[in-house]
Q: 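Attaching a single structure in structure tokens format; questions to follow.
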Amino acid sequence: MNVPFLDLLAQFAALRDEVQVALNAVCERQSFILGPQVAALEREVAEYCGVRYAVGVSSGTDALLSGLMALGIGPGEEVITTPYTFFATTGSIVRTGARPVFVDIDPTSFNLDPSQVEDRVTSRTRALLPVHLFGRCADMEPLLSLAARHGLAIIEDAAQAIGAQTNTGGRAGGIGTLGCLSFYPTKNLGGFGDGGMILTNNPELTDLLRSLRNHGSKGPYEHPRVGGNFRLDEIQAAILLVKLKHLEGWIEARGTRAQHYHDAFQALDLEGPDALILPDIPKRGRHVFHQYVIRTRRRDDLARFLTARGIGTAIYYPKPLHLQDCFAFLGYKEGSFPESERAARETLALPIYPELTAEMQTFVIEGIDAFFRGR
Ligand SMILES: *Cc1c(COP(=O)(O)O)cnc(C)c1O
């Protein structure tokens, strides 16, 4: 048997007819940028995420960048974030000229440890940028109260977490000042190319974001500010509208598979500091399992073993951002964020997607059992 890490073809096979009808309609209209499909997607995603406004943009990265731009964040200012995330989170902060200030993660959730944030707040701090990593919401309550106390904005990087909920029922991307989504093809809601969206309840920020995504324009050839080409296209929106109808079912399917891994690994009795540490499944709130990430000190050997058996895995992320060459100017070093560094050494993502069959999942579980029992 072969269990790919992800199988987008299997998803497409189930959607082929719906997608082709939607694509044909766009072809027949020959309107490709910021048209009726984008507007409809903005309405539907806003409703799904429980916010008043949504602004479609060209990628999750551009959602973060234009969000920071809309808040006027720039040189001389600081944004507090996590070093254990995809590059774009920090890359976007640096591109505005502001300084990212890292805070280590909580090893159980892999998210920003709120208890360490306040010590990093200075007179230059403008915003907090938590990431809802792997589809689990960051611990937002303490961040919200801290932000209120210090007058900071919160930008949620919800690129991996559409549909997730916090322990108090807040929807990912709809809790902070702004929330950023990615529709990169491998995300839980993915297009056939790049795409993203910014969520907010603030009408002024919405207007600003709509201007920024179109070169800072206000009407044709009038530019009160400099923006970029951050526009979402109709083909992506048409496909995403089709897929959005399936998202809840897909999230349920991911949750079922996560629970099955959990129960099966517990029954194998492999848990322990030298064997396997399972991802925590929060009792309250909703984890959408963009990734199912286990940890073990024998991570690299395990990954090789599973690959040899035809089981795909992935490492998110092998190098925390404070150790990336391009951020050396920030002055961090090995040891600055021990939990992020340990996660980078120990984590391994297993196949988890709605199309993963029971047989495939059993094969993965048997592979892990075989490794730890030395078979
Ligand atoms: C995917 C991702 C992004 C960037 O999204 P793109 O659409 O690829 O630009 C940002 N942050 C996180 C945490 C992501 O996973």
Side-chain angles (χ1 to χ4, degrees), residues 5-6 8 38 41 45 54-69 79-96 100 102-103 105 109-112 127-138 140 154-164 172-173 175-176 178-199 209 212-213 228-233 235-237 239-240 243 254 287-293 314-322 324 326-327 340 343-344 347 349 352-353:
F5 180 66
L6 180 65
L8 288 177
V38 171
L41 184 70
V45 171
V55 180
V57 290
S58 34
S59 67
T61 304
D62 289 337
L64 290 162
L65 179 63
S66 55
L68 290 157
M69 289 169 75
V79 177
I80 296 177
T81 192
T82 161
Y84 188 65
T85 175
F86 179 60
F87 180 81
T89 315
T90 303
S92 306
I93 298 169
V94 172
R95 286 171 69 191
T96 67
F102 291 126
V103 166
I105 56 166
S109 67
F110 299 111
N111 286 325
L112 202 58
L128 310 179
L129 209 173
V131 180
H132 306 309
L133 202 69
F134 304 144
R136 177 187 175 134
C137 283
M140 293 303 288
I154 295 188
I155 304 167
E156 295 168 67
D157 183 339
Q160 303 185 2
I162 186 169
I175 305 155
L178 297 171
C180 300
L181 302 176
S182 165
F183 303 129
Y184 185 77
T186 61
K187 299 287 157 81
N188 285 14
L189 178 64
F192 285 9
D194 282 305
M197 201 163 272
I198 308 145
L199 310 174
L209 288 162
L212 284 168
R213 74 176 166 184
N229 174 356
F230 305 138
R231 297 177 302 237
L232 183 62
D233 67 77
I235 289 182
Q236 299 314 322
I239 290 162
L240 291 163
K243 289 200 181 187
R254 285 174 179 272
H287 191 323
V288 294
F289 284 99
H290 175 57
Q291 301 297 350
Y292 184 88
V293 176
I315 296 172
Y316 302 110
Y317 296 89
K319 190 175 195 175
L321 297 183
H322 66 284
Q324 296 290 345
C326 65
F327 299 140
S340 298
T347 51
I352 186 158
Y353 39 93

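Just so you know, ligand 1 is whichever comes first in the structure, and atom 1 is the first atom listed for that ligand. The structure presented is a predicted model; accordingly, all values stated were derived computationally and were not measured.
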Q: Shortest non-hydrogen contact from I235 to D233?
A: N-OD1, 3.0 Å
Q: Give the atom numbers and elements of ligand 1 that come within less than 4.0 Å of a heavy atom of A88.
A: 4 (C), 10 (C)
Q: For the residue pair Q236 and D194, what are the closest heavy atoms and their distance?
A: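 Nearest heavy atoms, Q236 then D194: CG-O, 3.5 Å.
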Q: Using a 3.5 Å cut-off on N or O atoms only, is T85 in polar contact with ligand 1?
A: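 In fact, backbone or side chain, T85 has no N or O that close.
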Q: Using a 4.0 Å cut-off to any heavy atom of V131, which atoms of ligand 1 qualify?
A: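 So the answer, numbered in order with elements, is 13 (C).
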Q: Can you tell if the side chain of Y84 reaches within under 4.5 Å of the side chain of T347, non-hydrogen atoms only?
A: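 Yes, close enough: below the 4.5 Å cut-off.
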Q: What's the shortest distance from atom 3 (C) of ligand 1 to any protein heavy atom, and which residue and atom give it?
A: F86 CD2, 3.6 Å
Q: So which heavy atom in the protein is nearest atom 5 (O) of ligand 1, and how far is it from that ligand atom?
A: S182 OG, 3.3 Å
Q: Report yes or no: does R136 contribute a side-chain atom to a donor-acceptor pair with the main-chain N or O of S109 at less than 3.5 Å?
A: no
Q: Among all protein heavy atoms in this structure, tell me which lies nearest to atom 9 (O) of ligand 1, with the distance rounded to 0.1 Å.
A: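 Its nearest protein heavy-atom neighbour is T61 OG1, 2.5 Å.
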Q: Taking both backbone and side-chain atoms of K187, is any N or O found less than 3.5 Å from an N or O belonging to ligand 1?
A: yes
Q: Looking only at atom types and distance, does a side-chain atom of E156 sit under 3.5 Å from a main-chain N or O of G179, one as donor and one as acceptor?
A: no
Q: Which of the atoms in ligand 1, numbered in the order shown and given with their element, are less than 4.0 Å from a heavy-atom of T89?
A: 11 (N)
Q: May I ask you to identify the nearest protein heavy atom to atom 15 (O) of ligand 1, giving residue, atom name and distance to one decimal place in Å?
A: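 The protein heavy atom lying closest is Q160 NE2, 2.8 Å.
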Q: If you compare all heavy atoms of L64 against all heavy atoms of S92, which two are closest, and at what distance to 0.1 Å?
A: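 That closest heavy-atom pairing would be CB-OG, 3.5 Å.
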Q: Purely on distance, is any nitrogen or oxygen of D62 under 3.5 Å from one on ligand 1?
A: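 Such a contact does not occur with ligand 1.
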Q: Going by distance only, is there an N or O of Y184 that falls short of 3.5 Å from an N or O of ligand 1?
A: no
Q: Around atom 10 (C) of ligand 1, find the nearest protein heavy atom and jot down its residue, atom name and distance.
A: D157 OD2, 3.6 Å
Q: So if I count the atoms of ligand 1 from 1 in the order they appear, which ones are less than 4.0 Å from some heavy atom of S59?
A: 7 (O), 9 (O)
Q: Looking at G60, which atoms of ligand 1 are within less than 4.0 Å of one of its heavy atoms?
A: 5 (O), 6 (P), 7 (O), 9 (O)
Q: Which residue, D157, L199, I198, L189, forms the side chain to side chain contact (heavy atoms under 4.5 Å, CB included) with L181?
A: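 Answer to the side chain to side chain contact (heavy atoms under 4.5 Å, CB included) test with L181 among D157, L199, I198, L189: L199.
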Q: Between F110 and Y317, is the ring centre distance below 6.0 Å?
A: no
Q: Quick check: does any side chain N or O of K243 sit under 3.5 Å from a backbone N or O of G190, one acting as donor and the other as acceptor?
A: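 Yes, the answer is positive, given that a donor and an acceptor are paired below the 3.5 Å cut-off.
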